[in-house]
Amino acid sequence: QVHLAESGGGLVQAGGSLRLSCAVSGRAFNMYHMGWFRQAPGKEREFVAAKRRYNGYTSYADSVKGRFTISGDNAWNTVYLQMNNLKPEDTAIYYCAARSSEVLSTEPTAYDNWGQGTQVTVSS
């Protein structure tokens, strides 16, 4: 069982930055991908970013490319999402998730373990 716990959310003005953290514990040795997703009120949960273990390959949603960066070491102790130049449309609950497959996916249903989420609110 893998346990994920997000932190670092909050209220920020447009143009500001936040860094989200995802603390990973438990049997994470067989988790090949870590991802960040977000869900705004009344909307579906959507992919934000993902990182593959060991080779460091990353993938981003077009809406955050160039503004957000996912990072984390190979031990998967903590995974981060650095968010710069935040916009009001980035307001959502942000979740980290772990996937055991070696194939990267942007689909929420493909991820095996989830954190409880952290709220990010960007004011205009």
Side-chain angles (χ1 to χ4, degrees):
Q1 184 70 19
V2 176
H3 181 68
L4 307 175
E6 304 93 337
S7 61
L11 173 65
V12 64
Q13 287 189 331
S17 298
L18 282 174
R19 188 176 80 157
L20 305 183
S21 299
C22 176
V24 184
S25 60
R27 299 171 65 85
F29 62 89
N30 61 341
M31 292 296 156
Y32 280 90
H33 292 92
M34 293 296 294
W36 284 95
F37 292 79
R38 66 187 182 187
Q39 188 165 16
K43 294 190 175 181
E44 299 281 321
R45 190 169 297 189
E46 66 174 3
F47 171 76
V48 174
K51 185 177 189 295
R52 180 175 295 153
R53 200 170 190 170
Y54 303 122
N55 72 0
Y57 176 81
T58 56
S59 178
Y60 296 92
D62 288 343
S63 59
V64 307
K65 205 170 290 184
R67 300 188 298 122
F68 290 12
T69 304
I70 184 172
S71 64
D73 60 25
N74 287 339
W76 272 167
N77 290 317
T78 307
V79 179
Y80 302 97
L81 184 68
Q82 177 66 44
M83 305 186 295
N84 298 328
N85 190 23
L86 282 160
K87 304 175 181 181
E89 51 264 42
D90 294 319
T91 296
I93 299 175
Y94 282 71
Y95 300 89
C96 67
R99 171 168 165 80
S100 57
S101 170
E102 295 184 40
V103 178
L104 189 146
S105 175
T106 62
E107 293 297 324
T109 55
Y111 285 73
D112 306 292
N113 296 276
W114 292 83
Q116 81 288 350
T118 186
Q119 176 71 47
V120 171
T121 303
V122 184
S123 63
S124 57

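FYI, side chains are in, hydrogens and waters are out, and symmetry mates aren't considered; it's all heavy atoms of this structure. All of these numbers come straight from a predicted model, not from anything done at the bench.
Applying the side chain to side chain donor-acceptor pair (under 3.5 Å) test to pairs two or more places apart or on separate chains, those with a residue in residues 18-34 are H33-R52. Listed by first then second residue, pairs satisfying disulfide bond (SG atoms under 2.5 Å apart) with a partner in residues 23-56 number zero, not counting sequence neighbours. Each disulfide bond (SG atoms under 2.5 Å apart) pair with one or both residues in residues 80-124, not counting sequence neighbours, appears once here: C22-C96. Residue pairs satisfying the side chain to side chain donor-acceptor pair (under 3.5 Å) criterion with at least one member in residues 84-96, sequence neighbours excluded, are listed as follows: S17-N84, R38-D90, R38-Y94, R67-D90, Q82-N84. Sorted by first and then second residue, the disulfide bond (SG atoms under 2.5 Å apart) pairs involving residues 34-93 (not counting sequence neighbours) form an empty list.
Side chain of W76 to backbone of M31: a donor-acceptor contact under 3.5 angstrom is found.
Shortest non-hydrogen contact noted between V2 and N113 is O-OD1, 3.5 Å. Here the shortest heavy-atom pairing between A50 and Y111 reads CB-OH, 3.7 Å. Scanning all heavy atoms of the two residues, the minimum distance from Y60 to I70 falls at OH-N, 2.9 Å. Nearest approach of V48 to V64, heavy atoms of both residues: O-CG2, 3.5 Å.
Membership of the apolar cluster around Y57 extends to L104, as traced through chained side-chain contacts below 4.5 Å between ILVMFWY residues.
In terms of the ring pair (Phe, Tyr, Trp, His ring centres under 6.0 Å) criterion, residue partners of F47 (sequence neighbours excluded) are, by chain and number, F37. For S100, the side chain to side chain donor-acceptor pair (under 3.5 Å) partners at least two apart in sequence or on another chain are D112. Taking S101 as the reference, R99 meet the side chain to side chain donor-acceptor pair (under 3.5 Å) condition, with sequence neighbours excluded. Looking at residues two or more places apart in sequence or on another chain, you find a side chain to side chain donor-acceptor pair (under 3.5 Å) between R45 and Q39. Checked against side chain to side chain donor-acceptor pair (under 3.5 Å), D62 has the following partners two or more places apart in sequence or in another chain: K65.
The line from CZ of F68 to OG1 of T58 is 14.0 Å long, rounded to the nearest 0.5 Å. Considering OG1 of T106 and CD of E46, their distance stands at 11.0 Å, rounded to 0.5 Å.
The shortest distance between side-chain heavy atoms of T69 and Y80 does not fall below 4.5 Å.
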Identify each donor-acceptor pair in which a side-chain atom of residues 114-122 lies under 3.5 Å from a protein atom, sequence neighbours left out, and give them as a table.
{"from": "Q116", "atom 1": "NE2", "to": "E6", "atom 2": "O", "distance (Å)": "3.2"}
{"from": "T118", "atom 1": "OG1", "to": "G9", "atom 2": "N", "distance (Å)": "3.2"}
{"from": "Q119", "atom 1": "NE2", "to": "A92", "atom 2": "O", "distance (Å)": "3.4"}
{"from": "Q119", "atom 1": "NE2", "to": "T121", "atom 2": "OG1", "distance (Å)": "3.4"}

